[in-house]
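A quick write-up on the structure given underneath.
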Amino acid sequence: MTGVQTCALPICHHTHSTLDDGKSTLAEMAAAAYDLGLTHFGFSGHSFEEYGQDFCLPKKNVPIYLEAARKLQEAYRGRMEVFVGMELDYFGENPGGLDYVIGSAHCVKQGDAACYVDASAQASQQTVDEYFGGDWYRYTDAYYDLVADLPRKTGCQWIGHFDLVTKFNDQVHTIDEDSPRYLRRALEVLEYVVKQGVALEINTGAVARGYRTTPYPGNALLRQLKEFGGEIIVNSDCHYAPQLCFGFDQAAELAQAAGFTHTNLWTRDGLRPVSWDEFGKGRE
């Protein structure tokens with residue numbers, strides 16, 4: 001691997017492509033992963049859902065995605081482990097035949113309205129004012145109610161961006177992430193999903209795209225995750241090939257500061273714990 005840039009943690013299982021809301025093709029994402037020395041790499045297109053037409057896989061693209069991803073899986077066989085997964089939204093459709101599922105909640109339904117928590121700070125404020133009487137913590141509680149149900153609803157192996165509802169907090173600081181009102185439900189749900197045997201993702205995507213300065217979950221939740229005996233997997237939620245594995249050094253430092261002695265990677269046999277030292281080796 002002389003002369004090739006490598007990734008500090010040579011895995012990433014949360015990526016998107018031009019078939020959903022990404023900026024790089026599936027082939028470009030896989031090539032970037034290989035060039036970085038990744039040993040394990042996964043595709044995870046956004047599931048089709050009726051409400052998320054601007055970011056999810058259009059229904060007609062789902063079989064295209066699965067076929068193209070399987071072809072790339074075969075093309076890299078013996079050189080890099082490639083998996084075909086999906087980021088399955090709470091309201092999304094599972095096409096079946098996936099290697100893994102990332103469970104995510106992106107919106108809070110209010111009647112016929114799908115209120116996306118990650119659209120913009122302005123959209124979130126409008127949702128809180130219109131549907132939650134201006135109370136941000138009723139809003140965050142409603143979001144975490146959906147997150148709590150992700151293991152049952154999606155059958156996921158891990159949860160993506162657990163506290164996505166705080167995406168814009170660095171910009172507008174509408175949610176006090178240390179407040180008992182916020183933490184009450186967030187911690188109840190965190191403990192519950194750990195007891196379901198579902199891991200949590202340390203997700204650096206919002207850092208790469210300039211929304212946050214630290215990954216999901218926030219440091220307070222990350223420390224509690226360790227106290228609850230939870231497991232982690234580091235992912236970049238990458239939408240653009242040059243940002244693959246962005247911020248992984250920071251993610252590893254935060255995880256170790258919270259007391260995690262290992263992270264996990266996805267294998268044919270499920271999640272496997274791997275020490276930080278082992279992750280630093282990359283592909284031989």
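Basis for what follows: all heavy atoms, side chains included, without hydrogens, waters or symmetry-related copies.
Annotation for Y137: atom OH counts as buried by contact number, over 12 foreign heavy atoms lying within 6.0 Å. In K195, the NZ atom is not crowded: 12 or fewer heavy atoms of neighbouring residues, nucleotides or ligands sit closer than 6.0 Å.
Taking a cutoff of 4.0 Å between a charged side-chain nitrogen and a carboxylate oxygen, E74 and K71 do not qualify as a salt bridge. We find that D237 and R209 are joined by a salt bridge, their nearest charged nitrogen and carboxylate oxygen being less than 4.0 Å apart. Contact check on R181 versus D135 returns a salt bridge, with a Lys/Arg side-chain nitrogen under 4.0 Å from an Asp/Glu carboxylate oxygen. A salt bridge links R184 with D141: at least one charged nitrogen is closer than 4.0 Å to a carboxylate oxygen.
Atom-to-atom distance recorded for L222:CG and F260:CZ is 5.0 Å, nearest 0.5 angstrom.
Within the 3.5 Å criterion, the main-chain N or O of F132 finds a donor-acceptor partner in the side chain of R138. Between the T204 side chain and the F246 main chain, a donor and an acceptor come within less than 3.5 Å of each other. At distances below 3.5 Å, not a single donor-acceptor pair connects side-chain atoms of S17 with backbone N or O atoms of T25. Judged by distance alone, with hydrogens and angles left aside, the side-chain atoms of N61 form a donor-acceptor pair with the main-chain N or O of L19 at under 3.5 Å.
Side-chain contact of Y182 with Y144: a donor-acceptor pair under 3.5 Å is present, judged by distance alone.
A single hydrophobic cluster is not seen to contain both Y211 and V165; linkage of ILVMFWY side chains at heavy-atom distances under 4.5 Å, directly or through other members, places them apart.
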Verdict with supporting geometry, Y90 and T154, side-chain contact (heavy atoms from CB on, under 4.5 Å): CA-CA 7 Å; Y90 186 88; T154 68; 5.6 Å; no
Test log, rule side-chain contact (heavy atoms from CB on, under 4.5 Å), inputs L190 and Q224: CA-CA 8 Å; L190 185 64; Q224 284 299 314; 4.0 Å; yes
Audit row: R185, E188, salt bridge (charged side-chain N to carboxylate O under 4.0 Å, His left out) steps and yes/no: CA-CA 5 Å; R185 187 61 179 143; E188 285 176 352; 3.0 Å; yes
Quick one: side chains of residues 225-234, donor-acceptor pairs under 3.5 Å with protein atoms, not counting sequence neighbours, listed by atom name and distance.
| residue | atom | partner | partner atom | Å |
| --- | --- | --- | --- | --- |
| E231 | OE1 | H262 | NE2 | 2.8 |
| E231 | OE1 | N264 | ND2 | 2.9 |

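Ring pair H14/H239: centre-to-centre distance not below 6.0 Å.
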